[in-house]
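The structure under discussion appears below in the form of structure tokens.
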Amino acid sequence: MALTKQQRRYRIKKRIRKIVSGTSERPRLSVYRSNKQIYAQLVNDMDGTTLLSISSLNKEISEKEGNKTEQAALVGKALAEKAKAAGIENVVFDRNGYLYHGRVKQLAEAAREGGLKF
């Protein structure tokens with residue numbers, strides 16, 4: 001029997017998470033993509049804490065015009081600024097089972113342009 005999209009994404013996610021883990025020096029940049037919004041957070045897996053998070057629902061980002069990929073780029077740039085302010089430069093990217101394509105790729109590239117290294 002064929003897998004649903006969610007089951008397939010969950011299998012890929014488990015495969016990625018076996019390898020990718022965040023620490024306090026190098027947190028995991030986790031991306032979640034819904035139909036309308038995109039969310040990103042920096043996670044320390046050793047302590048099980050979220051260091052900071054941002055989404056396209058933030059007031060500064062949601063006020064700006066643009067399609068979903070442009071919103072994702074704004075989220076990536078804002079995440080990089082917040083991470084720099086918190087003293088974080090190196091991260092591990094977790095695409096969370098999504099293809100590195102479209103909004104996920106745009107967020108990652110904008111975060112790199114903002115100064116994050118991964």
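Taken to the nearest 0.5 Å, the NZ atom of Lys68 stands 10.0 Å off from the CD1 atom of Ile38. Here CG of Leu107 is found 11.5 Å from NZ of Lys77. Values are rounded to the nearest 0.5 Å. For the atom pair CG of Leu99 and CZ of Arg33, the computed distance is 7.5 Å after rounding to the nearest 0.5 Å. Between the OG atom in Ser24 and the CG atom in Asn44 there is a gap of 5.5 Å [rounded to 0.5 Å].
Minimum interatomic distance between Lys36 and Arg103 (heavy atoms only, all atoms of both residues): C-NH1, 4.4 Å. Smallest separation of non-hydrogen atoms from Thr69 and Gly102: CG2-C, 4.3 Å. Between Gln41 and Ser53, the shortest heavy-atom contact is CB-CB, 3.7 Å. The two residues Met46 and Thr23 come nearest to each other via the heavy atoms CE-CG2, 3.7 Å. Considering every non-hydrogen atom in both Asn90 and Pro27, the closest pair reads O-CD, 3.4 Å. For Ala80 against Gly115, the heavy-atom pair with the smallest separation is CB-N, 4.4 Å.
Between Ile12 and Arg8, some side-chain heavy-atom pair lies under the 4.5 Å cut-off. Ile16 is not listed as a side-chain neighbour of Lys13, based on a closest heavy-atom distance of 4.5 Å or more. Side-chain contact between Ile54 and Lys82: present, with at least one pair of heavy atoms (C-beta onward) separated by less than 4.5 Å. Side chains of Tyr39 and Leu57 form a contact here, defined as non-hydrogen atoms less than 4.5 Å apart. Counting heavy atoms from C-beta on, the side chains of Leu42 and Ile88 come closer than 4.5 Å. Using a 4.5 Å heavy-atom threshold, the side chains of Val43 and Thr49 count as separate. Between Val31 and Asp94, the closest side-chain pair of non-hydrogen atoms is not below 4.5 Å.
Under a 3.5 Å cut-off, the side chain of Arg17 and the backbone N or O of Val20 do form a donor-acceptor pair. Glu109 places no side-chain N or O within donor-acceptor distance of the main-chain N or O of Gln106, the cut-off being under 3.5 Å. In this structure, Lys14 contributes its side chain and Arg9 its backbone to no donor-acceptor pair below 3.5 Å.
Between Arg26 and Asp45, no side-chain nitrogen of the basic residue sits less than 4.0 Å from a carboxylate oxygen of the acidic one, so the salt-bridge criterion is not met.
Applying the side chain to side chain donor-acceptor pair (under 3.5 Å) test to pairs two or more places apart or on separate chains, those with a residue in residues 54-66 are Gln37-Ser56.
By the salt bridge (charged side-chain N to carboxylate O under 4.0 Å, His left out) test, Lys117 pairs with Glu89, sequence neighbours left out. For Phe118, the side-chain contact (heavy atoms from CB on, under 4.5 Å) criterion is met by Leu29, Val91, Phe93, Ala108, Ala111, Arg112, Leu116, not counting sequence neighbours.
If you chain together hydrophobic residues whose side chains sit under 4.5 Å apart, Leu79 and Tyr98 fall into the same group.
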